[in-house]
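Worksheet: one structure, shown below.
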Amino acid sequence: MKILTRFLAALLLLALLLSIAGCGGQSSLPSATDKPPTETAGKKDENKDSSKKPVEIEFWHNYDAGAGQIDVLNELIAEFEKENPDIKVNHLYLEWSALRNNVFTGASTGELPDVLRGDIGFVPQFQSLDILYEMSSLPDYKDVAAQIMEAPNSTAKMGDKFYGIASNTNTKILFYNKKMLADAGLSVPKTLDEMWECAEKLSNSKTIGFVEAWTGVWNIGQYIWSYGGDVMAPDNSTATGYINGPVSVAVVQKLADLYKKKALSGPTLDPGALGDTDGWAAGVYAMEIDGPWRYTMAQAANIDIGAVQMPPGPAGSIGVLGGEDFMLFKTSDDEHREAAWKFIKFMVGKKAQVAMAKVGQMPVNKEAMSDPEALEAMPLLPIFEEALKTARSRPVTPKWSDIENIIATKVAEAITGQKDVQKALDEAAAEIDSLLASD
Amino acid sequence: MVRADRNIRNKSIYAVKNKMYLLLLLVPGLAVLVLFTFYPIIKMTVMSFFNWKIGFSQTSEFVGLKNYIDVFTDPIARTALVNTLYYALITVPAQMALGLLAALLIYGIKKFSLSFRLLYYLPVITSWVVVALLFRYIFSNQGLLNYIITDVLHISDKPVGWLSTRWPALTATTILGIWKGIGWNMVVFLAALQAIPLELFEAASIDGANSAQRFFYVTLPCIKGTILFALVMLFIGAFNTFTPINVITGGNPAHQTEVVLTWMYFQTFGTVGKMGYSAALSVIISLIVSVIAVILFRVIKPENSGGRL
Amino acid sequence: MKSAGRFNYRYIILIAGLVIMVFPMIYMVTSSLRPNNQTFTYPPKIFPKLSEITFENYAYVLVRQNFFMYLKNTLIVAVMSTFLSALLSSMLAYCISRHRFPGRNLLFGTIITIMLIPGLAMLVPQFELAVAFKLINKLWGVILFYTAWTIPFSTFLIKGYIDGIPKELDEAIYMDGGSILTVFFRVIIPMASPSLAAVSVFNFLYPFEELGWSQTILKIDAKRTLPVAITQFFQAHNRTDWGYVFAMTCLAMIPVIVIYLLLQKYFVSGLSTGAIKM
């Protein structure tokens, strides 16, 4: 019995702790959103004059709180709700992988948001689950899309239908540690070949010339394209002769050579290597082809960073398109979908796009792109705008994420020297083709 | 007659009442188990025979054993299984030996016993994510260990790639597994040691047994049951390894350091439409663990089922 | 004299082991006292200079990050799931240990088998259940599943312990006209309380550790538990604020240590018989 009393005492202590914690907690409850099914009794007074209850739409996104994007989002939502008193937007931040995982786990039950703003790569993935609403079937989709740059919006296009609309875009450019280049007496590389040489010269026992965060097409596609090759046939029917074609093999061989000379690294190649952000901050990495976030992060870490468009290869400087798209889901009823679409139109409008540009989201709205306020907030915008003209989207095909996984695995095997480059890429081509043939 | 009758009736009422109570005691626990574990297990087994589509409007197609064949012919699944076995075969005995050692040492001291027990137990109660991050930092190319080797001891001027390739990276992970598991084993073995009757030791001492003999002839046989218990629990734990690999290597490079659960997680969430494959993989893992458990029970069954150990 | 010598070597080995055991923890604590951007610097520094020590990370975590709210959520989950699991497991264990009913062996066998199946493996079907019962973003969604996951191990341990309780005690109650409920509450619960305490420590610690499920179920900030809140600091495309991570982890360990200290005595005695009687 004594033990029980002791046990009860422990529980009691906990209850006490709880009540203390409760006081601390309640006062600082965040403005987190709750699920729609909860009663909106408290809100009734605010909407006395409107005859019906507002439509609550649920919005999932991964805007970056650290960069102040969530604050901007809150302001934008407040403004949107003011303009549309019959709509209430409940937004929910989910980290990149959590965002995708939650859609995956929710796909079987229909537990999905009304609007989602997520990686362009999600469009084909979600479409393959048959949960996305075809946005181009909305009557005014064409008019809205016309305000938006064509290349970024192509990331939402599958076949001749659009399953989303661009929210913001980016591509990758060359970032370099100014001090490290100057110390080595090197000038900024003018071509990809020069860039590889430069990477070798910048590497020693403490530093590594070049970092790649992954080995997918997001990372190697830009080189294969710029050297005049491709990863898949233009109609996405086969990978044979493309991913294992001479250009791809030469590019991957180059990367494998650099890896062997310890002039290229990254955590997916070498789990002991620092991640790109930590490595930049520690002054280990000298160069990276990366997106606009690299600039903000380098500044936060007090690294003097330079940026130019990715040096061209023989076929030019063809970067890879990144960014996020807005998506609608089949699970919403008409009323919610209409409200959600209104919200999307607001978010791709000039005003919202400029506001987001100020906190680091590169706009897709044509007018916002040349807005002086946006330009002032993003000094690299002109470089990116130039790069975006030639940037390419990765193939938008339902099995794309599986295809890119195959490529990432095989390329990593080749670069780390586990397999001969040609053999690894031949295997990749065969696996992709058999994947395309199945179903 | 009347009395006997009433007695029987009383007894049967009593028995019926007790049956009701038995049901009352069983049903809540059973309900929770059936709903939240039996059902998902059955569902998972069913899924493993389908090309399972997760979209709510999609129909799944029966594919028989295809998913199982896919698992068995998948070289990465094999790598993951071998890696898991490697992890289990290193961490399980090492944790047990070190945990038992710590328990024996703490059992033999009088002062500060509680402090040692708490401090040795601390790693067990720290979050896996955080300790895995710490270990990644220790073993990384620019980490603490390489700093000591290159800049403090000057053994080598080049950092060693502890995490760069498959086997060293897995070994680093096993060190984390051992480190985090010692405390748990210590507590379990300490419990077993405290249950050994002191007379046994005294008797052995009188017979002239030295401390090694006492350990092998008294202690070890007495804690056999606990060793079996710990073995089974630790094997289950080893097959459940997820966070350390996920944080330290992420399965990289090229899935070379994947263990079964990280590979399953990757197939579930990192790809599209491999739900059936993941389900088949988890059925296979469950079967393997069950077989290991059965073998362990057979090999070292505590012979004295009656009486106190 | 001899005992003094033995006395010494035990302490020496234990202290040597202790250095290895607690070193990473010390590193964690010192890192939490360092400015955020200096956690993983090269060359590594284990101890910050006195002038560098800052409580800014703690201030941030406590004030800006609703630490107490996350703690409250975690404690609610821990207390509820520990209580439910202890109650339901001891009920099951008592029935299996003391009573014959159809399917008894099957039930015990199944419970042991469930212990062997990796919890993560059932993520998708379990999520479907959670949705069906409207448990998304509710602490109950975590409590009920944790209870279900901890029942097999708890039942197994408590059953082993109950097996060792003399049956004469039950009989005495039956003689007095008591029912099996009386036996359960008057004999089994008090006698088996060390094993209940032991499994409760394990079960109580679980919510402070588990991530995969809680992350899937608790998507809104107001419901997050500590492990989910801590992982919020790791972001795919972003810098991780290590100082915050370590500060929050250190704080999250305090209740865990308190519980361990309070119950550790029973923890050990409860495990002993339960674990031995396989």
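So that the names make sense, note that chain A is the first sequence line, chain B the second, and so on, each numbered from 1.
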Take the angle between the ring planes of Y121(B) and Y260(C) and call it parallel below 30°, perpendicular above 60°, tilted in between.
-> parallel
Decide if atom CG of L114(B) counts as having more than 12 heavy atoms of other residues, nucleotides or ligands within a radius under 6.0 Å.
-> yes
Could you pull out all residues at least two apart from F239(B) that satisfy ring-ring contact (aromatic ring centres under 6.0 Å, His included)?
-> none
If we only count heavy atoms from C-beta on, is the S127(B) to F208(C) side-chain gap below 4.5 Å?
-> no
For residues F23(C) and W179(B), determine if any side-chain heavy atom of one lies less than 4.5 Å from a side-chain heavy atom of the other.
-> no
Taking C-beta and beyond as the side chain, do M253(C) and T126(B) meet within less than 4.5 Å on heavy atoms?
-> yes
L14(C), part contacting chain B, at a heavy-atom distance under 4.5 Å | both
Do L105(B) and Y11(C) come within less than 4.5 Å of each other through their side chains, counting heavy atoms only?
-> no
Under 4.5 Å from a heavy atom of chain B, the part of I13(C) involved | both
Sort Y39(B) into side chain, backbone, both or neither according to what part of it lies under 4.5 angstrom from a heavy atom of chain C.
-> side chain
Can you check whether C95(C) reaches L22(B) side chain to side chain, under 4.5 Å on heavy atoms?
-> yes
Which portion of L107(C) sits near chain B, non-hydrogen atoms under 4.5 angstrom = side chain
Counting heavy-atom pairs under 4.5 Å to chain B, which of I112(C), I151(C), L87(C), L226(C) comes out on top?
-> I151(C)
Pairwise side-chain contact, Y94(C) with L25(B), heavy-atom cut-off 4.5 Å (strictly under) | yes
State, with a plain yes or no, whether a side-chain heavy atom of I257(C) is found less than 4.5 Å away from one of L122(B).
-> yes
For Y21(B), which residues count as a ring-ring contact (aromatic ring centres under 6.0 Å, His included) partner, sequence neighbours excluded?
-> none
Which word best sums up how the rings of F153(C) and F229(B) line up, parallel for under 30°, tilted for 30 to 60°, or perpendicular for over 60°?
-> parallel
Which region of I111(C), side chain (C-beta onward) or backbone (N, CA, C, O), has a non-hydrogen atom less than 4.5 Å from a non-hydrogen atom of chain B, or is it both or neither?
-> side chain
Does any non-hydrogen side-chain atom of L134(B) lie less than 4.5 Å from one of S31(C)?
-> no
Proximal component of S85(C), with respect to chain B [non-hydrogen, under 4.5 Å] = neither
Would a distance-only check, ignoring hydrogens and angles, find a side-chain to backbone donor-acceptor pair under 3.5 Å from N18(B) to S179(C)?
-> no
Is the side chain of R10(C) donor-acceptor paired with the backbone N or O of Y107(B) at a distance under 3.5 Å, no angle test?
-> no
Top residue by heavy-atom pair count (under 4.5 Å) with chain B, among I20(C), T113(C), T155(C)?
-> I20(C)
Is a side-chain donor or acceptor of E209(C) paired with a backbone partner of I125(B) at a separation under 3.5 angstrom?
-> no
Under 3.5 Å, side chain of Q126(C) to main-chain N/O of F36(B), donor-acceptor pair present?
-> yes
Which bit of P227(C) comes within less than 4.5 Å of chain B, counting heavy atoms only: side chain, backbone, both or neither?
-> neither
Atom group of L129(C) that falls short of 4.5 Å from chain B, counting heavy atoms = side chain
